[in-house]
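Any value given below was found using the heavy atoms of this structure, including those in side chains, with hydrogens, waters and symmetry copies removed. Positions are given from 1 along the sequence.
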Amino acid sequence: QVQPVESGGGSVQAGGSLRLSCVVSGFTFDSGCIGWFRQAPGKEREGVARISHGGDNTDYADSVKGRFTVSQDNAKDTTYLEMNSLRPDDTGVYYCGTGRGWACLGSMVPLAFNLRGQGTQVTVSS
């Protein structure tokens, strides 16, 4: 089983930046994608960003467009989420996971991804 490992979370003030990392060993990227999701207290998990094989296609939630950038380093089995201009409503636990097929198209649906990691906490204070 592929086990994603997230890291890089922390506490920052509004306007600050963080870079999250997601290491996924053993995942064959040829037809899949990596998605980033987050879950705020009392809210459902939501899609944040997604990157396809080769990095040719990226998708972002409207709330993070222009502020977050997803990228990957295949040689390191690592996907990154660069987060700038952070806001308090970006607070939550961030998860990454692998997806295949229809999971890599259209809306980012958490149930379509392997989100078995522990997540990494991001806290943005005003």
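Among all heavy-atom pairs drawn from A49 and L81, the shortest one is CB-CD1, 3.9 Å.
The other residues sharing a hydrophobic cluster with V109 are W102, L111, where clustering joins ILVMFWY side chains under 4.5 Å apart. Clustering of Ile, Leu, Val, Met, Phe, Trp and Tyr by side-chain heavy atoms under 4.5 Å joins L105 with none of the others.
Here the straight-line distance linking atom CG of D59 with atom OG of S52 works out to 8.0 Å at 0.5 Å rounding. In this structure, L86 CG and F68 CZ are separated by 5.0 Å, a value rounded to the nearest 0.5 Å. Atom-to-atom distance recorded for C22:SG and W36:CH2 is 5.0 Å, nearest 0.5 angstrom. Here the OH atom belonging to Y94 is positioned 5.0 Å from the CE atom belonging to M83, to the nearest 0.5 angstrom. Atoms CG and CG, from L18 and D90 in turn, are 10.0 Å apart once rounded to the nearest 0.5 Å.
In this structure the side chain of Q72 never reaches within 4.5 angstrom of the side chain of D77, judged on heavy atoms. Side-chain contact check for I51 versus N57: every heavy-atom pair is 4.5 Å or farther apart. Looking at heavy atoms from C-beta onward, T69 lies out of side-chain contact with T58 at the 4.5 angstrom threshold.
A donor-acceptor contact shorter than 3.5 Å links the side chain of Q3 to the backbone of R116. Of the possible polar contacts, one joining the R50 side chain to the G106 backbone as a donor-acceptor pair under 3.5 Å is found. For the pair Y60 (side chain) and V70 (backbone), a donor-acceptor distance under 3.5 Å is present. At least one donor-acceptor pair under 3.5 Å links the side chain of T91 to the backbone N or O of V124.
Sorted by first then second residue, the salt bridge (Lys or Arg N to Asp or Glu O under 4.0 Å) pairs that include residues 78-87, not counting sequence neighbours, are R87-D89. The side-chain hydrogen bond (donor to acceptor under 3.5 Å, both in side chains) pairs that include a residue from residues 6-19 are S17-N84, where partners are two or more places apart or lie in different chains. Residues in residues 117-126 take part in these side-chain hydrogen bond (donor to acceptor under 3.5 Å, both in side chains) pairs, two or more places apart or across chains: Q121-T123.
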Could you walk me through whether D73 and S71 pass the side chain to side chain contact (heavy atoms under 4.5 Å, CB included) check?
-> CA-CA 7 Å; D73 184 339; S71 62; over 6 Å; no
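Geometrically, R38 does not engage Y95 in a cation-pi contact defined by less than 6.0 Å to the ring centre and at most 45° from the axis.
The ring-ring contact (aromatic ring centres under 6.0 Å, His included) check on F113 picks up F37, with sequence neighbours excluded.
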